[in-house]
Amino acid sequence: MLAGPRVRFAPSPTGFFHVGSARSALFNWLLARQSPGGCFILRIEDTDADRNREEWVDGIITAMAWLGLDLDEGPFRQSDNVAQHSAAADALLAGGYLYYCDCTGEDVVARKGDNKTPGYDGYCRERHLVKGTNTALRFATPREGVTVVRDLIRGDVEFANRTIDDFVVAKSSGAVLYALANVTDDRNDRITHVIRGEEHLPNAPKQMMLWSALNAVSGDDVPLPRYAHLPLLVNEQRKKLSKRKDPVATESYRDQGYVAPAFVNYLALLGWSPRGDQEIVPLTTIIEQFRLEDVSHSPAFFDVKKLSHMNGEYLRAMSTEEFIDACAPWVAPWSTSWRPTDREVPWSEADFDAALFARVAPLVQERVATLGEVPAMVAFFFLEEAPRDEAAFDKTLRNDPLAQALLGVAVERFAETPWEASALHEATIELGEAMGLNLRKAQAPIRCAVTGSLVGPPLFESLEYLGRDKVLDRLHAALARCSG
RNA sequence: GGUCCCAUCGUCUAGUGGCCUAGGACAUCACCCUCUCAAGGUGGAGGCACGGGUUCGAAUCCCGUUGGGACUGCCA
């Protein structure tokens with residue numbers, strides 16, 4: 001049987017799950033899923049104990065599950081492989097690829113002077129130091145020749161070897177660093193494609209050197225992986241998305257009520273596009289058409305506006321039942337296993353009426369872009385008193401005698417109108433006509449009195465669903481507030 | 001500073017030498033629909049960074065300029 005590509009997503013759990021990471025994970029996953037025998041591996045790169053936190057690991061796993069990026073192997077922990085990393089370092093040292101160095105950072109800078117070549121100057125390369133308490137292990141990079149990274153997205157990228165300094169492979173504490181740990185694991189996992197962010201491109205030649213050296217000292221000639229460096233995701237300032245300054249936490253998009261299929265679809269569009277003029281396409285199409293070779297070379301801006309639009313499209317494409325279920329974490333969080341963080345539902349469990357929500361759901365489904373917008377739109381159904389938009393109230397009612405008069409008549413008329421939307425609609429038209437108001441004008445004060453707002457779901461359906469008693473109560477209350 | 005990457009509407013992109021009078025999507029504007037708000041429909045405005053080549057022909061190839069970015073850690 002033909003072995004498919006083996007890819008890995010190797011995040012370090014040093015913060016919230018970054019949307020850029022989510023895209024890297026997705027592109028890796030797509031490659032694995034589009035070929036028979038493809039294998040998608042999650043490897044948590046947690047070797048820097050100082051910066052890792054267990055909750056971030058959970059965040060990665062939860063977010064990937066949410067996005068539907070299922071694993072074939074893992075999750076593995078890089079920290080479980082430290083013995084192999086050390087063994088790799090030992091072998092490389094024995095093979096003459098590594099040497100001990102006791103230079104401090106200051107030493108290196110001090111010696112630099114007018115030297116144009118950045119980084120370490122190779123000072124200790126010929127000193128033949130032995131292991132001590134302050135000795136790091138460095139890789140002796142070739143002084144001549146070039147290393148060419150055959151990048152699937154960018155083509156061949158050449159690095160003159162003399163521009164690559166003797167980088168540190170293991171700290172003086174003995175801890176093996178990223179470059180070697182990553183390569184050792186990739187080699188052991190038989191990774192065939194390394195797909196990651198463009199910020200790793202300068203690491204590639206170093207890792208290729210390490211890979212070849214490892215092959216030489218182990219006698220196990222593992223084929224070099226193909227590399228693919230994804231364009232960066234940038235902010236409005238065209239800078240790499242920053243964990244500190246930019247809204248990059250994938251979790252927060254879920255909390256806001258973006259749905260996974262929409263989020264994945266949008267992510268796929270960042271640096272890639274499906275054939276034809278249709279951008280909203282099913283995952284199966286994306287899997288089918290995705291090619292690393294087609295990924296764009298230039299950085300992409302994460303545009304929340306476009307994401308929102310797409311999310312709205314996905315929401316509207318749902319059946320009513322699906323939409324109702326999808327709303328649950330935002331409207332009835334007590335009933336769900338997952339619920340958004342930092343989001344308060346304006347009503348209590350006792351106030352909520354699931355049957356009523358099911359009736360109004362179709363009305364809001366076509367009016368929201370995210371599920372997080374739903375509660376505010378339907379709060380007036382479940383709260384004893386509708387939330388108040390004071391400015392709207394002042395404008396439409398308090399300072400408008402005609403509107404108050406209309407409300408007064410409405411109270412009487414609605415007391416005897418058959419309680420259904422179409423009759424209420426008709427009644428309001430007649431009410432307005434009697435006072436020289438078109439429906440647009442006539443509905444406003446009623447809407448404001450009953451829903452507390454000037455915008456919302458269709459009014460007459462809302463009245464019907466709310467019920468005569470509540471509507472009449474609110475009409476009276478509004479009148480009272482005008483005179484009070 | 002050094003190494004490397006990148007360059008089509010405001011944004012994401014299609015475009016791989018003639019199909020380009022440069023297509024689509026988001027955003028934006030106008031109009032239509034309409035009980036509000038949305039959604040939807042129709043239409044508009046808006047782009048190949050610049051300069052040289054190569055070619056009968058260049059958004060597409062080459063060189064340069066300019067501009068942006070990443071990396072430059074005993075982090076990943």
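Just so we're on the same page: letters track the sequence lines, and every chain starts at 1. What you see below is based on every heavy atom in this structure, not just the backbone, and it leaves out hydrogens, waters and symmetry mates.
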Contact under 4.0 Å: A:Arg154 side-chain N or O vs B:A70 OP1/OP2: no
Over all strands shown, is A:Arg440 touching base, sugar-phosphate only, or nothing at heavy-atom distances under 4.0 angstrom? sugar-phosphate
Start at the 5' end of RNA chain B and walk down; is the nucleotide closest to A:Gln278 or to A:Phe159 reached first? A:Phe159
Parallel, tilted or perpendicular: which fits the ring planes of A:Tyr97 and A:Phe139, with parallel below 30° and perpendicular above 60°? parallel
Kindly confirm or rule out a cation-pi arrangement of A:Arg23 over A:Phe27, judged by NZ or CZ under 6.0 Å from the six-membered ring centre and within 45° of its axis? yes
Just checking, A:Arg138 and A:Phe167: is the charged tip under 6.0 Å from the six-membered ring centre and within 45° of the axis? no
OP1 or OP2 of B:A38 sitting under 4.0 Å from any side-chain N/O of A:Arg316? no
Looking only at side-chain N and O atoms, does A:Thr47 come under 4.0 Å of OP1 or OP2 in B:A76? yes
Spacing of A:Leu439 atom CG relative to B:C33 atom P, expressed in whole Å: 15 Å
Can you tell me the distance, in whole Å, between the OH atom of A:Tyr227 and the P atom of B:C4? 18 Å
Qualifying residue for side chain to side chain donor-acceptor pair (under 3.5 Å) with A:His85, from A:Asn188, A:Thr184, A:Asp90, A:Asp185: A:Asp185
Taking the nucleotide of RNA chain B with the closest heavy atom to each, which residue, A:Glu461 or A:Met310, is nearer the 5' end? A:Met310
Starting at CG of A:Leu177 and ending at P of B:U72, how long is that distance when rounded to a whole Å? 12 Å
Is the phosphate of B:C75, meaning OP1 or OP2, less than 4.0 Å from a side-chain N or O of A:Lys171? yes
Expressed as a whole number of angstroms, how long is the span from A:Phe301:CZ to B:C9:C1'? 16 Å
In whole Å, I'd like the distance from the CG atom of A:Asp121 to the P atom of B:U72. 18 Å
